[in-house]
Amino acid sequence: MSPTPPARRLRLGLPRRVFSQVLLMQVAIAAGVAVLATGLFLAPLSDQLDDQAMRRALSIAQTAAAQPQLAEQVENTPPTAGGPVQREAEKIRKATKAEYVVIMDTRGVRWSHTEPAQIGKHVSTDPSEALAGQEVMEIDEGTLGRSARGKVPLRDSDGEIVGAVSVGIAYDSVRALLIHAIPELLAYAGGALAVGALAAWLISRRVQRQTRDLAFSDISGLLAEREAMLHGIREGVVALDRAGRVRLLNDEAQRLLSIGDEAVGRSPDEALGEGRTADVLSGRVTGTDLLTVRGQRVLIANRMPTDDGGAVATLRDRTELEQLGRELDSTRGLIDALRAQDHEHANRMHTLLGLLELEMYDDAVDFVGEVVGDHRATAEQVTEKIEDPLLAALLVGKATVAAERGVALRVSDGTRLPDRLVDPRGLVTVVGNLVDNALDAVAGTMHTRVEVELRAEGRTVVLRVRDTGPGIPAEQRELVFTEGWSTKQPPAHGKRGIGLSLVRRLAERQGGSAAVGEAHGGGAEFTVVLPEALTEPDLEPALTVPSAPASAAEEESR
């Protein structure tokens, strides 16, 4: 027999949903405000009604005392229940609906009263202030109970005080007015509470839609998960508001863009400076998997608009993949070159074997010397003019690849470059990109030739790469340096349009420039100027400060 499950205990507390909590709190606030406003209104209302009753009593007393016949009747007639003073007082009382109208002489003896038996007796309250010529308003107890009273002196035609007039308003009538006002006041308060509850419901419904009917605990959990996700993922995330200002950057975005929290609240142009990366983040350049370069990094960016008018951009670091892809392309090119060399080597070996079999030994020696001499001459020509070993090795290798592709790659006679480069790997990247572009440009043309010129002018290096290809139209000479722009089909590993952009960035990073024009005799001529690219002649190589190594895989065609 299974155990009986424990009974659930009823738990009282706030509802979990944001909608319910907001509605409950707003209704409670509206009810509290209504009760408070009602209380604040009722508190002075009683005093106001008392003051109004006393002023009304005083006004009636003043009106009665202003009648000259009352003073004469008080002086000339006795205080009797049927006397003229009693009749006049009762007439005034009934006309004004006062509780009583008492007229007294200077001794405080009543000449009129609501109860005739009280006429001729001394008044129950102190009349001295009124008999002294003062007007009095008060709430007091008398023979008829609690009332609002007004007392004024009674003067004769000469202005002498001959008595006083006291008028009372029943306090029960004042209380009745207060009680009568309460339902009406509560009705107003209830109406205000209903309007407030309706407004609270409408606001809560809007909150419900905006929060997707989540509980506060769910929202708190989502925020915690969001923070963990943003700081944990290996993609850069940049969120922008409807005004185009950065409102969020995760750790990876700060690393990829080389910016910090100071970028929050600024536009991409202000935070990053003008360029393609800022254009992509701002939405001026649209598309998917947009290629951009930031510093030494190749980034892939995607931008998605949000419902509030802003946008979220994601950034992926594609530098290593691009390097691997370019290395793969280079490897394939080298493999093709090796295949061609293997074929050429086999032909030469067959030729050499034939000469030996024919016992033409002198011709065989000359043939071997000629083949070896050609390669040695090319290497010696490069190393005599370019003393840096990395750059010389690059040009020797490129000359071999160019020869297999049927292109003549030569180093100009004006080339002179000492072994004092500050950043040899950076210059290798620049030269490699420009030579590869030139080799691609002359492919399929007649009389193909590529010429490389490297000159040192003080500490400045001037690089020129000329080709005999079709050249670049004037309207496209700036576009070729734009990230992602290319006239060639992309390779299998990704996209083109990176190499020349990196060339210009490397040049500008050193305060130099990169430009393209028309070569003498046709074709294109790329010119790169690198100030401060050489160390001083008297400095030891150990004192040079090389920059971060740049892989030859950074090479890319235009």
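As the structure is a prediction and not an experimental result, all values here were calculated from the model.
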Give a yes or no on this: more than 12 heavy atoms of other residues, nucleotides or ligands lie within 6.0 Å of atom CZ of R55.
-> no
No-hydrogen, no-angle side-chain donor-acceptor test under 3.5 Å, D126 and S128 = yes
For V528 and A507, work out which heavy atoms get closest and say how close.
-> CG1-CB, 4.0 Å
Nearest non-hydrogen partners of G244 and P268, listed with the distance = O-CD, 3.2 Å
Answer with yes or no whether the side chains of R149 and Y100 bring together a donor and an acceptor at under 3.5 Å.
-> yes
Carboxylate-amine/guanidinium contact E90 R87, below 4.0 Å = no
Backbone of E99 reached by a side-chain donor or acceptor of T114 within 3.5 Å = yes
What's the shortest heavy-atom distance between I103 and A89, and which atoms?
-> CD1-CB, 4.1 Å
Between R247 and the options V238, D241, L240, the side-chain contact (heavy atoms from CB on, under 4.5 Å) test singles out D241
Taking only residues two or more places apart in sequence or in another chain, which ones pass side-chain hydrogen bond (donor to acceptor under 3.5 Å, both in side chains) with T77?
-> none
Any side-chain donor near an acceptor of the partner, E235 and N250, under 3.5 Å = no
Using a strict cut-off of less than 4.0 Å between a Lys/Arg side-chain nitrogen and an Asp/Glu carboxylate oxygen, indicate whether R504 and E478 qualify as a salt bridge.
-> yes
Could you check L257, N302, I300 and say which one makes a side-chain contact (heavy atoms from CB on, under 4.5 Å) with L315?
-> L257
Side chains of E135 and Q62, donor plus acceptor under 3.5 Å = yes
Would you call R255-E252 a salt bridge at under 4.0 Å N-O?
-> yes
Spatial distance of atom CD (E115) from atom NZ (K121) [nearest 0.5 Å] = 9.0 Å
What's the shortest heavy-atom distance between G150 and A61, and which atoms?
-> O-CB, 3.6 Å
Tell me, yes or no, whether the heavy-atom count around R242 atom CZ, taken from other residues, nucleotides or ligands under 6.0 Å, exceeds 12.
-> no
Closest approach of T306 and A311, non-hydrogen atoms and distance?
-> OG1-N, 3.5 Å
Evaluate the side-chain proximity of I92 to I60: yes if any heavy-atom separation is below 4.5 Å, no if none is.
-> yes
How long is the span from the OG1 atom in T96 to the CZ atom in R56, to the nearest 0.5 Å?
-> 6.5 Å
How about Q73 and V85: do any of their side-chain heavy atoms sit closer than 4.5 Å?
-> yes
If you round to the nearest 0.5 Å, how far is CD of E72 from CD of Q67?
-> 11.5 Å
Hey, does V162 have a side-chain heavy atom less than 4.5 Å from the side chain of R155?
-> no
Salt bridge between E138 and K151, side-chain N to carboxylate O under 4.0 Å?
-> yes
Measure the shortest side-chain to side-chain distance between W111 and L70 over non-hydrogen atoms and say whether it is less than 4.5 angstrom.
-> no
Could you point out which residue of S124, S166, P116 forms a side-chain contact (heavy atoms from CB on, under 4.5 Å) with R110?
-> S124
State, yes or no, whether a side-chain contact exists between I119 and Q86 at a heavy-atom distance under 4.5 Å.
-> yes
Measure the shortest side-chain to side-chain distance between L256 and L299 over non-hydrogen atoms and say whether it is less than 4.5 angstrom.
-> yes
Do R245 and R266 come close enough that some side-chain heavy atom pair is under 4.5 Å?
-> no
Kindly indicate whether the side chain of L58, heavy atoms from C-beta on, has any atom under 4.5 Å from the side chain of V152.
-> yes
Rounded to the nearest 0.5 Å, the CG atom of L281 sits from the CG atom of D279 at a distance of 9.0 Å
What pair of heavy atoms forms the shortest contact from A98 to V167, and how long is it?
-> CB-CG1, 3.9 Å
Nearest 0.5 Å, what's the CD-CG distance between E262 and L249?
-> 9.0 Å
Could you tell me the separation between the CD atom of Q254 and the CD1 atom of I259, rounded to the nearest 0.5 Å?
-> 7.0 Å
Mind running side chain to side chain contact (heavy atoms under 4.5 Å, CB included) on Q69 and V74 for me, showing each step along the way?
-> CA-CA 9 Å; Q69 69 272 18; V74 169; over 6 Å; no
Go through the steps to decide whether V102 and H113 satisfy the test side chain to side chain contact (heavy atoms under 4.5 Å, CB included), and finish with yes or no.
-> CA-CA 5 Å; V102 174; H113 198 275; 3.7 Å; yes
